[in-house]
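Take a look at the structure below.
So you know, we letter chains A, B, ... as the sequences are listed, proteins then strands, and number each from 1.
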Number of protein chains: 2
Amino acid sequence: MVFAGQGDARRSMSLLWRADRPERPERRPGPGPRPGLSVDAIVTAAIAVADEDGMAALSMRAVGERLGRTAMALYTYVPSKSELLDLMYDAVHAELPTEYDGSGGWRAGLTGWARDTLEFHLRHPWVLQVSQARPVLGPHAYAGLDTLVRLLTATGLEARALRRLAGTLTHFVRGCAGTVAEARQAAAATGESDEAWWFARSALLGEVAPDFADRYPSLAAMETGSAPRPPAPDPGEGGEAAVPYLEREARETFDAGLDVLLDGIEAAVRHAGATGR
Amino acid sequence: MVFAGQGDARRSMSLLWRADRPERPERRPGPGPRPGLSVDAIVTAAIAVADEDGMAALSMRAVGERLGRTAMALYTYVPSKSELLDLMYDAVHAELPTEYDGSGGWRAGLTGWARDTLEFHLRHPWVLQVSQARPVLGPHAYAGLDTLVRLLTATGLEARALRRLAGTLTHFVRGCAGTVAEARQAAAATGESDEAWWFARSALLGEVAPDFADRYPSLAAMETGSAPRPPAPDPGEGGEAAVPYLEREARETFDAGLDVLLDGIEAAVRHAGATGR
DNA sequence: CGAAGTTACTTTATGGCGTAAGGAGTCGCA
DNA sequence: TGCGACTCCTTACGCCATAAAGTAACTTCG
């Protein structure tokens with residue numbers, strides 16, 4: 001996990017909310033050479049680096065290079081890499097939809113939110129590696145939270161429950177997104193497909209743990225009871241073969257888990273309706 | 001997220017399952033100086049470093065130093081830091097309980113599992129930073145999975161559903177653990193308590209976003225509807241003041257979210273029972 | 001007994017990282 | 001015409017993982 005924002009709190013908040021802009025309203029450069037960069041340009045470039053090459057490739061040197069500058073040039077605009085990460089995190093959250101059609105009820109709304117949030121994290125997997133505790137308190141991050149809470153408010157549950165449900169849903173979606181993102185990253189980094197990876201490992205597993213089914217009976221029972229492992233690719237149902245094994249698995253977990261969560265919320269709503277309120 | 005295990009698959013699996021041991025049965029040192037270290041000693045030292053100082057402090061140098069060696073000495077036993085991480089991950093999973101009393105029904109069993117797994121991750125927060133896709137295929141990691149699946153099997157749901165529920169529960173528990181772990185880490189790294197952090201930020205937020213309640217109406221409504229933010233510490237209810245704000249919040253999310261999830265599973269069980277097994 | 005071969009571990013080196021320090025050039029304003 | 005503010009650069013430091021090569025300890029074979 002990458003930590004962020006240890007620096008001066010005032011400077012950090014000013015940057016996040018772009019509160020320094022009014023000081024220089026349009027084109028009053030003051031003394032010194034005209035700035036060639038800007039916080040926005042740096043944040044955009046940094047997001048591009050992280051999107052394309054992953055969090056591990058996000059270095060001050062890489063961002064500077066993309067802008068035709070050295071790493072040190074960035075420090076004129078941004079106090080540290082941590083602060084830059086905060087800015088990236090907030091900026092990218094502007095992509096999240098804020099409006100959902102309420103006519104389908106809260107269940108449809110939350111389903112849409114979950115799907116959009118999953119896809120958002122798959123577009124920007126590095127977001128999952130930014131620490132969640134001591135959250136980034138920027139305008140777009142708050143907007144995303146506000147949207148989720150608005151959707152949850154439609155359940156009619158009390159405020160304390162809403163706060164916890166927001167956390168639960170977020171954990172779930174982030175967990176699912178993380179699995180897919182890491183699978184993709186692993187496939188890209190090693191050049192080995194999920195299927196090839198699993199094939200090699202399961203063969204070795206048989207060598208090294210011939211007593212697997214005895215040691216892990218529940219696991220073995222589940223394996224035989226559910227779909228076969230990828231080395232036996234089902235030839236029918238064409239078209240979905242392009243999606244890698246681990247990713248398909250993760251998306252099914254997402255769909256099923258979301259249903260379970262929403263069923264649980266429905267139970268809470270019924271219960272709250274029954275006991276007054 | 002830290003990635004692991006890109007190297008030679010055979011060597012990696014042999015290390016995880018300690019399949020090289022038979023080659024040297026007890027005390028037949030062969031030529032060369034007697035080894036002063038062992039894979040186990042290195043893994044234990046590495047876990048100690050990660051537990052005490054966090055994943056960021058886990059360097060080959062640090063592990064070697066703890067064993068009175070240089071960083072390079074470790075490479076005699078372990079092919080790379082990635083493999084060491086896999087070994088750490090699997091070794092630490094030996095701590096997870098594998099037996100649960102089934103007399104309380106599946107709901108009690110899963111609640112116990114979730115609590116134990118949460119506490120496990122809080123003891124070893126660095127585990128959360130090991131990639132989950134392409135999982136570590138070691139004996140103890142499998143044992144942990146087997147335990148969860150065994151508990152889920154008691155619901156009577158079909159194998160495919162079990163697999164997805166296992167993923168959903170894991171995502172949830174890991175998400176909750178991550179929030180707590182990161183909050184602790186942030187507090188330790190900055191020396192600033194959650195309360196102090198939030199107090200400073202909310203004051204700045206008022207300066208920089210005076211229209212907060214208008215911009216984020218749902219969030220504002222939830223704030224006023226639920227417990228007040230920490231700057232107003234409730235003086236009553238003594239004893240729980242020692243637990244930091246963000247951690248208390250995360251634990252409440254854990255309890256509430258787990259109930260919602262289990263309610264959702266209960267609904268699935270009822271539904272499966274209604275539509276013929 | 002001594003040489004050869006094998007192994008544990010060290011030293012040194014390479015190319016990465018974030019960022020502190022100091023210098024060079026550019027511009028608005030006095 | 002400077003002065004001071006400002007952007008951006010070069011250099012440097014101490015980290016990191018790990019490749020390569022050297023040293024010393026030990027067993028085994030001649």
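Residue contacts shown for A:Ser59 are limited to sugar-phosphate atoms, with no base heavy atom under 4.0 Å away.
Ring pair B:His93/B:Phe120: centre-to-centre distance below 6.0 Å.
Counting to the nearest Å, the P atom of D:dC9 and the CD atom of A:Glu65 are 12 Å from each other. Counting to the nearest Å, the C1' atom of D:dC13 and the CE atom of A:Met60 are 17 Å from each other. Rounding to whole angstrom units, CD of residue A:Glu83 and C1' of C:dG18 are separated by 14 Å. Per the geometry, OH belonging to B:Tyr77 stands 18 Å off P belonging to D:dT18, to the nearest Å. Computed from coordinates, the A:Leu84 CG to C:dT19 P distance equals 10 Å when rounded to whole Å. One can place CD1 of A:Ile42 at 11 Å from P of D:dT7, the figure rounded to the nearest angstrom. When the C1' atom of C:dG18 is taken as reference, atom CG of A:Leu85 falls 13 Å away, rounded to whole Å. Atoms NZ (B:Lys81) and C1' (D:dC15) sit 12 Å apart, rounded to a whole Å.
In this structure the side chain of A:Thr70 never reaches within 4.5 angstrom of the side chain of A:Glu65, judged on heavy atoms. Taking the side chain as every heavy atom from C-beta outward, B:Trp126 and B:Leu58 never approach each other to under 4.5 Å.
Side chain of B:Glu195 to main chain of B:Tyr245: a donor-acceptor pair is present (N/O by atom type, distance under 3.5 Å, no hydrogens or angles). Checked by atom type and distance alone, the side chain of B:Arg18 pairs as donor or acceptor with a backbone atom of B:Leu15 at under 3.5 Å.
Judged by distance alone with a 3.5 Å cut-off, no donor-acceptor contact links the side chain of A:Arg61 to the base of C:dG16.
Between A:Tyr75 and C:dA21, a side-chain N or O to OP1/OP2 separation shorter than 4.0 Å is absent.
Comparing D:dC16, C:dT19, D:dC8 by their nearest atom to the side chain of A:Leu37 picks out D:dC8. If you check D:dC26, D:dT18, C:dT19 against the side chain of B:Pro31, the one that comes closest is D:dC26.
Looking only at atom types and distance, the side chain of B:Glu95 has no donor-acceptor partner in the side chain of B:His140 under 3.5 Å away.
Of the residues in residues 66-74 of chain A, those lying under 4.0 Å from DNA chain D by heavy-atom distance are A:Arg69, A:Thr70, A:Met72, A:Ala73.
Using cut-offs of 30° and 60° for the angle between ring planes, the A:Tyr216 and B:Tyr142 rings count as tilted.
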